[in-house]
Protein chains: 4
Amino acid sequence: MAGSENMVILMGNLGKDPEVHTTGSGNMIVNLSVATTKSWRDRDSGERRERTEWHRVVIYSDGLAKVADKYLHKGSKVYLQGSLQTRKWTDNNGQDRYSTEIVLQPYDGKLIMLDGQNAQRTGGSKAEASAPANGDLDGEIPF
Amino acid sequence: MAGSENMVILMGNLGKDPEVHTTGSGNMIVNLSVATTKSWRDRDSGERRERTEWHRVVIYSDGLAKVADKYLHKGSKVYLQGSLQTRKWTDNNGQDRYSTEIVLQPYDGKLIMLDGQNAQRTGGSKAEASAPANGDLDGEIPF
Amino acid sequence: MAGSENMVILMGNLGKDPEVHTTGSGNMIVNLSVATTKSWRDRDSGERRERTEWHRVVIYSDGLAKVADKYLHKGSKVYLQGSLQTRKWTDNNGQDRYSTEIVLQPYDGKLIMLDGQNAQRTGGSKAEASAPANGDLDGEIPF
Amino acid sequence: MAGSENMVILMGNLGKDPEVHTTGSGNMIVNLSVATTKSWRDRDSGERRERTEWHRVVIYSDGLAKVADKYLHKGSKVYLQGSLQTRKWTDNNGQDRYSTEIVLQPYDGKLIMLDGQNAQRTGGSKAEASAPANGDLDGEIPF
DNA sequence: TTTT
DNA sequence: TTTT
């Protein structure tokens with residue numbers, strides 16, 4: 001097949017704590033519920049409007065799953081890259097149903113926690129584990 | 001509002017001709033069904049594997065909708081940028097259903113046709129309409 | 001014209017306060033110096049390595065320039081989208097020189113401040129101006 | 001250091017054949033010169049304007065370098081992802097000079113050739129090697 | 001269900 | 001230096 005691209009970039013907040021699952025083969029899988037919000041001024045009424053979108057994120061990368069489990073929690077702000085995947089399943093009535101998820105695979109996904117310090121200040125047990133402090137801007141700036 | 005990001009980039013082929021709708025207020029809306037394919041070598045078996053993903057794309061940008069209607073057809077290869085949106089609807093059994101789409105809004109979406117010449121050569125009826133090549137449509141033509 | 005794409009996404013910290021300029025026609029232009037850092041474990045030595053990259057960012061979008069001027073300062077963390085542009089200039093010895101910049105144009109660029117609260121807490125003079133938090137500037141405020 | 005992002009996405013045409021180099025340790029490095037073109041309608045004069053940007057791309061990924069060497073040539077259209085890197089060097093007058101490049105590293109870069117069939121038709125020796133035909137849209141389309 |  |  002000719003080359004194709006399927007990439008999603010999200011930056012938003014977790015609506016709840018990560019859900020951790022383990023597969024039969026021992027791999028950790030983490031599900032995130034991420035909210036992104038878009039706001040704009042309505043052309044007609046002139047008033048501010050806002051729409052929140054909720055995204056299902058599934059982390060199949062073991063390394064990223066561990067990070068998510070350890071450092072993320074309800075309210076965490078994250079930046080992530082993954083790809084779209086629609087899963088087919090059958091509901092109780094025997095009907096086909098589809099669920100679209102953003103999946104992060106090994107070597108093909110990114111996950112960055114954006115509020116390490118805040119998390120520490122608000123102090124959940126998970127947050128306290130969030131070591132990687134915000135580095136100083138050392139090094140010479142060439143421009 | 002806290003800054004957030006919700007961006008999708010797809011490059012793939014249309015599985016069928018664009019579906020054109022017109023809203024009550026006269027705006028053109030175009031639906032695309034786009035396939036992306038990912039291939040990789042299985043770690044265990046060593047054999048080549050491939051998975052095709054289908055994406056629902058909805059173009060709310062009038063300029064891009066016109067371009068899609070005029071130049072795209074089944075098999076066209078496109079590059080596009082939009083954002084994820086999940087629509088809730090009720091099925092015949094009164095159950096909530098969700099459909100996730102990639103939406104292209106005015107001033108927030110891109111659409112590039114990647115096989116203009118091929119289309120002309122292979123000659124579908126729509127493709128032949130794309131004769132003026134880089135001709136103007138209304139100043140919003142992205143290719 | 002054939003469709004093309006030229007997009008840069010950066011998330012990093014400002015190495016110094018924004019530099020504000022005004023064009024002859026009264027438009028505000030803001031220059032940012034943004035650091036991104038990549039870290040990895042060396043395959044041979046096994047030790048952690050890190051490389052910081054500095055980026056010149058030029059904001060030609062008036063709305064985003066105002067936001068940058070008002071809310072950003074040395075150390076601010078930002079997420080931005082723009083496009084690559086290489087400028088040619090002549091140095092004092094009459095030699096051609098090139099400078100590559102990430103430019104943010106109106107309707108084609110994003111800028112999101114990622115540490116609003118921190119800024120206020122650490123309290124630079126600029127940061128204090130950001131008090132109204134999500135206050136309106138002119139309807140183009142991205143955060 | 002806190003998480004950062006540095007990503008470039010380009011889609012454009014090669015201005016000349018790839019330049020292939022081999023490092024002391026036997027790794028293949030390929031340099032590409034890629035043009036992207038942006039066109040817009042001038043707000044004042046109303047006339048169509050166009051600006052071409054040239055990008056230096058350096059492929060350090062051995063796999064992608066081989067693909068580039070084998071399949072790409074002057075005029076090829078490519079889609080690629082990499083990151084920005086500014087190299088410092090000293091010119092003949094002993095002055096510091098900087099060159100900004102888009103680098104594609106192993107496991108952190110993409111390269112997709114977009115005109116396989118065209119290339120074959122126009123027939124350069126390299127082009128004829130460009131096997132991967134444009135796949136058929138088989139598989140059931142769920143929507 | 002989040003965040004501002 | 002490309003492409004349309």
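Worth knowing before you read on, the calculation uses all heavy atoms, side chains too, and leaves out hydrogens, waters and symmetry mates. Lettering follows sequence order; numbering is per chain, from 1.
Look at NE2 on His73(D): it is 13 Å from C1' on dT3(F), rounded to the nearest Å. Separating the CZ atom of Arg49(A) from the C1' atom of dT4(E) is a distance of 18 Å, rounded to the nearest angstrom. We find that CG of Asn13(A) is positioned 10 Å from P of dT2(E), with the value rounded to whole Å. If you take CG of Leu14(A) and P of dT2(E), they are 11 Å apart, rounded to a whole angstrom. Remark: C1' of dT4(F) and CG of Asp115(D) are 13 Å apart, rounded to the nearest angstrom. In this structure, the OH atom of Tyr79(C) is 21 Å from the P atom of dT3(E), given to the nearest Å. Counting to the nearest Å, the P atom of dT2(E) and the CG atom of Leu72(A) are 16 Å from each other. The nearest whole Å value for the distance from the CG atom in Leu114(D) to the P atom in dT3(F) is 15 Å.
We find that Lys38(D) and Glu53(D) are not joined by a salt bridge, their nearest charged nitrogen and carboxylate oxygen being 4.0 Å or further apart. The pair Arg41(A)-Glu47(A) does not meet the salt-bridge criterion, since no charged nitrogen lies less than 4.0 angstrom from a carboxylate oxygen. Note on Asp115(B) versus Lys77(B): no salt bridge recorded, every NZ/NE/NH1/NH2 to OD/OE distance being 4.0 Å or above. With respect to the salt-bridge test (charged N to carboxylate O, under 4.0 angstrom), the residues Lys74(D) and Asp17(D) do not qualify.
An aromatic stack links Trp54(D) and the base of dT1(F), using centre distance under 5.5 Å and interplanar angle under 30°.
Closest to the Ser33(A) side chain, of the nucleotides dT1(E), dT1(F), dT2(F), is dT1(E).
Taking 3.5 Å as the limit, the base of dT2(E) and the side chain of Thr52(A) contain a donor-acceptor pair of atoms between them.
Looking at heavy-atom distances under 4.0 Å, Lys16(A) makes contact with a base. Lys74(D) comes within contact range of the sugar-phosphate backbone alone, with a heavy-atom separation under 4.0 Å but no base atom that close.
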